[in-house]
Every structure is written in structure tokens, then in C-alpha cells.
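Everything on this sheet refers to the single structure shown next.
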Amino acid sequence: MGNRRNKRLQREKIYKKIRNISSWGTVVICLFLFAFFTVLVIFLSGCIAQYIGETKIGESYMDIAHYAGLYEVADDTNGLRDFVDKHVKDYVVTDKDGNVIYTNGTNTCNPKGGIIALENGTQFMTIHQDTENGFLYAGEDKNIKFREQEFIKLIGKDVKDIKFPVWISVDMNGGENHFIGRIEFVFNNKDLILVMELFLGVVIELFIISIILIIFIVRSVINYRRVVRLYYSDVITGGHNWTWFLRYADDRIKSFRFRKNSFALVNISFVNYRNYCLCHSMSEGEELLTKIDKTISRMIRGYELSCHATTAGFALLLFYENDELLTQRLTQLTRTLEAIDNDHAFVFQMGADVISPVTNSAGKVLRRKDFNIEKAFNNACSATDEVSDTDASGIKIFDSKLLEDQRWVDTVQANQKRALANEEFVIYYQPKYNPNSLQLNGGEALIRWNSPEYGFIAPGRFIPIFEKNGFITEIDHYMISHVAADQKMWLDMGLKVVPVSVNVSRAHFAEKDLAVQIRDMVDRTGCPHNLLEIELTESAFFDDKNAMIETIKALKSFGFMVSMDDFGAGYSSLNSLKDMPLDVLKLDADFFRGEKGGDRADIVVSEAIKLAKNLNMMTVAEGVEDQEQVEFLARQGCDMIQGYYFARPMPKNEYAVRIGAAPAPQPPAAPQPPVQPAPPQPPQNA
Ligand code: C2E
Ligand code: CA
Ligand code: CA
């Protein structure tokens, strides 16, 4: 279980990895690239803007510096000042403290500094060149480096006019004076095209990246959904698969929201699937499964879940109110599914495990954090097994008794081999008496399990399990060889050995060479064949009649007697009596159990005895417990009686005493005290 869980977790991990790589990984990479390129574009535009700005300022600066040079050498005679006044319309000359010593035109700049000056409500800059740091704002705060952002802001504001004024300050006379001239900062078409190109570049880049990003995101989402669908959908039905169910049912059961709700985990087994595929085809079978899956999903409510869980099985998680309502819903579902195809009568067997809310000692409802859904599903499957013995649809809700039974089955299976090797299986013998002569004429060997852990166990507690798991054939071999050995030993001891019958399970009759196997086993002990009788249960006669007849004939040809056990229990097989060359008919204990049967029951028994006689068969009446029955059977000519009236099954030593003590013992007066104490029952919770 742990290993399976690990494998599942590992699978889930791989799935998540693939899912995330194919989807979110690319989204993250795209977003990263987008961010990277955007930053790059902004940085580059900044550089270009700075370049334009500095080039323009550089050109203007050179003009002003040229006029400042002229101003520096101007005097009253050379007329240079007039020349400068004419070409630089607005300028001021200051001393080093910023005091204006000459003005031409309109002086609107603040020659004492300040980063931004105002002119007609428009912002502009006073710019000064510094050899180390390039262009600086003029004024007191000369250390502020020219900031392209503010420059761009400024351009942005005045870009409509294309021209805007800038005051440029140039040092004269070794810094004694400043020439601050106004120039028109012209932003011409060339610059505009450059900026437009830049802007367009940014827009195109962002557009392309956005498109790529959208394509990648859409593709990733599609991929994500594809991977999820691949992982969670069922290959056959196209609906949800078991992995999906495990995950979401687990979420639902453990969620805070549904903590107060009870759930039922249901297993549905479609019994006829294999047969349907055989008679039609695999693909038609799968189509049918798809139809069933869709019908189930249609019939469940919101927040309830269903999936195709196993080859012919479905799992459901339903809300649970009580057993009655659940059974009602499942019955309705069964009826709908049974009628899914008009031409067929289908069988659906369902088992459910109820999941109740969890509370703490104070009665507060808690989340079902430690819930194991696979265990619950297993319980639901075990409940389904309980109805799987019949061929009809059925519903069973898992309970503690079932769990106990399940554990017992598990214990038996875990111990069966060891028990056989350790000879823990012991043989009890139940004598058969002639009701007229009261002589011991035969016996039946019956198995018991004397387990060191679980005590003395009756065959009803383990034989059906062995019949299901196939271990019964080994038990049958064990019994035949041990009984034959006992008979041979008693024969050698000179006791009055009578034939003993051994039960051979119907499962064993599938083996073609069964008669030869039995003969060889018996021969190894040296026991004469006529001292062994093989009992076959009545129900076994339905399996493969011809094979059965062959085996019976072979056994008889080797000298063994063959009897039909439990005649009258379950289905009647009068017809099989016709074809089977049997020696003995064992009337089932049901004929003599419970209330006195009355005239009609007596008629049936006496007619059965007559029928057997006419077919040259001996009759043995089983389960006879009172004297009245013995007397009645004696009158009807029944050959032998095997019942508590005469003797219970007993250990072989006691039986040896009985066959050694000839003539046969007188039966005690009814009611018959047990010859030996009833075997202790195995612990119920074993
Ligand atoms: P069965 O073959 O029909 O065995 C007869 C059962 O009836 C025995 O139960 C026996 O103890 C019981 N019985 C006999 N007389 C009376 C009576 O007067 N009253 C009542 N109430 N019961 C009586 P047991 O020994 O518990 O065996 C149960 C079944 O287990 C057997 O039914 C047989 O089907 C199976 N079984 C027992 N031993 C073997 C074995 O070695 N191999 C196989 N394949 N099956 C075995
Ligand atoms: Ca029997
Ligand atoms: Ca029987």
C-alpha cells in the first residue's frame, strides 16, 4: 500500500513538473523578457534623449560662447558690443556675485541662479558648462547634474512650439564675469523624427513582445489544460479517471467546508462487462462503459464525484444522510443502469463505505485530515464482494462485521500454508449407523483446524475461504492421503474398518486427471480402494456435467465409491441423478432440521429414498438428531444415518475405539448427549 502510494506521489510530481514546465515556466520567462526589454528601451530612450539634448545645448553654447568672446574684447571704439547687441537680442552680463552690470533686451532670467526660471508662465532653464561635469544648471546649485528626465519633461511641455528659450551662462575674464545669453532652443524636424522613431520603436517593441507574450500565454494555457486532461481523463470513457477521483474526493472529504458532511464512497461493479465484450467486441464494451459513466455522472448531485475506476468498476463519492436514503439512491441508479441497453439485462453490484464526521473529545467537528480514501474504497469493494456471490444486482453497506470477516479471511489466507505444513489440520470422523441393525457401517472424515493462535476452528470458518482462493485442492489432497493412511493403519491393527467418505470440493473437479490423482495418493498408503468414498456436493454437478461423469466413472473403475452430498439442499438435481453412476445419495440435513416436517416432508424423504433404491444407490441421512427421525428412516429403508443422534464427529482415536468395539454400540436414549464436547469456536475478531 505504502509502495503504491509512493508511486502515486511520484507520478503526481512528474505530472506537475511537466504541467508547470509546459505552461507557467514559459509565462514566467515571457514576463521576465518583457520586463527586461522594457527597461532596456527606457534606458536607451533616456540615452538618446540625453544625446539630443546635449548636442543641442552644445551647439547653442558654442554660439553664446562666441558672442561672449566678442563681448570680452569689445570697447567703445571697435563697435563689437553693437554687433553682439544686434545678434544676441536678450543677454545680461554679471559680475562673479551675480550682480548685473550690463543688460541688453529683456532680462527675464534670474542671474543669481535657481534651477528654473519663469518666462511668460513657461518654465525654462539656465544652463552653464562645467568642464568636468558637462552642462549644469546655472546658479548656486551647480553640482546638480543635468537631468535628462527634466529635460524631456520640458520638451514634452513645449514640443508644440518646437522652439523654447534657454538662458546660457558663459564665464568671461577668467570667471570674473558671466555672459548670460538667451537662445531659442530649436527642436527641429530632424530631432522630432528621431524622437518619433524612438517612440515608434518602443511601441513596436512593446507590441511585438505583447503579442509573443499573449501567444505564449495562450499556448501555455492550452498546454496546461491538455496535460491536465491527459493526466486526469480516463482512456476508455473519456470521463474522469481514478487519479482524478483520488485527488478530488480526498480534497472534498478533507476540506473544512464539508467537515460536517457525511459521505458514502461507493464502488460499482458492472458484472456483465467481460461477457458483453466476448459476445460483442472490446470497442462495443468500451462504448457501453462510456455510456454507463455518463449516466452515472448525470445522476449524481453537485459536489458529488464519479469516475471509471477499474476495468468494469466505477467509484462514486456521494453525500450520505442515512443507510435508507443511500440504498434508495443506489437502487434507483441500479435500475437506470440495468436498463441502459434495451436488448440486455445487466447486473450491477454496489458496495459503499460511510465516511462520518470526526469530532474531538469536546464534541467539536474537526477536519478529516488523516483520512485514507483508498482504504475507504477498499472497504466499499469488500462490501461489493459480499453481494458478488449471487448473479443478481445488489447493494451492501460496509460495516464492522464485514471488516471483522475481512480480517478473518486475511488471517486464514496468511496462515493456510504454514498450517498445512505443520499438520494443524486434524481429521475428525463422524460414524454412520444402520438404523435397523444399529451397526457402524461407515464414516465421514471432516476437517478441523487446531490453530495454536486461534484455537479450534470449525470448517465453516475456513473451507469457504479455501474454496474461493483455490487452496481447497491442497486440503482435499491432505484429507484423502491422511484418511487413506488412517484406514490402512486401522486395517493393519485388525479393527473393523468400514468405508470412510472424504469431501472433494467442486473446485477440484476442474482437474481432468482427478481420479488418477486420487488413486495414486491412496495407493501410496496401501489402503484398499473400497474403503474410500468420494463425496461431491450437489452444486458441483452444475459445473461441467460431462467432465463430472467422466471423473465419476474413472473413480468407480478404480474401485472407489462416489456419493452425492447435500442432496435436496439448494437446487434439485434429479436430472443429474439420471446420468451420474453414483453409489450413495446423502440426504441433506435440511430435511430433518427445525420444525417437524409433517406429512409432506415425510413423503419427500421417503420418495427420495425410493428413487435412490430404484437407481441402485444407497442412502445416507445427514443431521439426524432424534429417535423419531431414526425410526421413520428405518421404516423407509434408509441405509445409513449420520447424525448427532448416534455420534458427533470425533477425534480419530475415539473413532478407532468405536470401530474396534464390534458389534456397534447401542445408541443412547434421546436426547443424545454429545459424544465429545463441541469444538470451541475461533475468536470472532480473529
Ligand atoms: P458436510 O459435508 O455436509 O458435513 C456434514 C456436516 O454436518 C458436518 O459439519 C457435521 O458435523 C454436521 N453434522 C453431522 N450430523 C449432524 C447433526 O445431527 N446435527 C447437526 N446440526 N450437524 C450435524 P462440519 O464438520 O462442521 O462440516 C461442515 C462442512 O464443511 C461439511 O459439510 C463440508 O461441506 C465441509 N467440510 C468439512 N470437512 C471438509 C473437508 O475435509 N474437505 C472439504 N472439501 N469440505 C469439508
Ligand atoms: Ca460431506
Ligand atoms: Ca452434507
Does the N422 side chain pair with the main chain of E424, one donor and one acceptor, at a distance under 3.5 Å? no
With side-chain contact (heavy atoms from CB on, under 4.5 Å) as the test, pick out the partner of L317 among I300, L265, V266. L265
Just wondering, do I355 and Y320 contact through their side chains at under 4.5 Å, heavy atoms? no
Can you sort out the partners of R335 under salt bridge (Lys or Arg N to Asp or Glu O under 4.0 Å), two or more places apart, ordered by chain and number? E338
Do F462 and F425 have ring centroids that are under 6.0 Å from one another? yes
Does any donor atom in the side chain of Q349 or S388 lie under 3.5 Å from an acceptor atom in the other side chain? no
For A315, check side-chain contact (heavy atoms from CB on, under 4.5 Å) against everything at least two apart and list the hits. W242, F245, C307, A309, F377
Please work out whether the ring planes of H508 and H477 are parallel, tilted or perpendicular, with thresholds of 30° and 60°. tilted
Would you please name every residue forming a ring-ring contact (aromatic ring centres under 6.0 Å, His included) with Y429, sequence neighbours left out? W490, Y655
Sorted by chain and residue number, the side-chain contact (heavy atoms from CB on, under 4.5 Å) partners of M561 (sequence neighbours excluded) come out as P499, E533, D583
Just by distance, do the side chain of K291 and the backbone of D341 share a donor-acceptor pair under 3.5 Å? no
So, do Y276 and F346 have ring centers that fall under 6.0 Å from each other? yes
Donor-acceptor pair, side chain of E654 and main chain of P651, under 3.5 angstrom: no
If every non-hydrogen atom of M640 is compared with every non-hydrogen atom of C638, which pair is closest and at what distance? O-SG, 3.3 Å
Between D476 (side chain only) and S505 (backbone N and O only), is there a donor and an acceptor less than 3.5 Å apart? yes
Do R635 and F632 meet the cation-pi criteria used here (NZ or CZ under 6.0 Å from the six-membered ring centre, within 45° of the axis)? no
Applying side-chain contact (heavy atoms from CB on, under 4.5 Å), can you list everything that pairs with N378, at least two apart in sequence or on another chain? none
Flag, side chain of K432 to backbone of G443, donor-acceptor distance under 3.5 Å: yes
Has K556 got a side-chain atom pairing as donor or acceptor with P581's backbone, closer than 3.5 angstrom? yes
Establish, yes or no, whether the cationic atom of R461 lies under 6.0 Å from the six-membered ring centre of W449 and within 45° of the ring axis. no
With a 6.0 Å cut-off on the ring centroids, do F456 and Y428 count as close? yes
For A485, all residues meeting side-chain contact (heavy atoms from CB on, under 4.5 Å), sequence neighbours excluded: T525
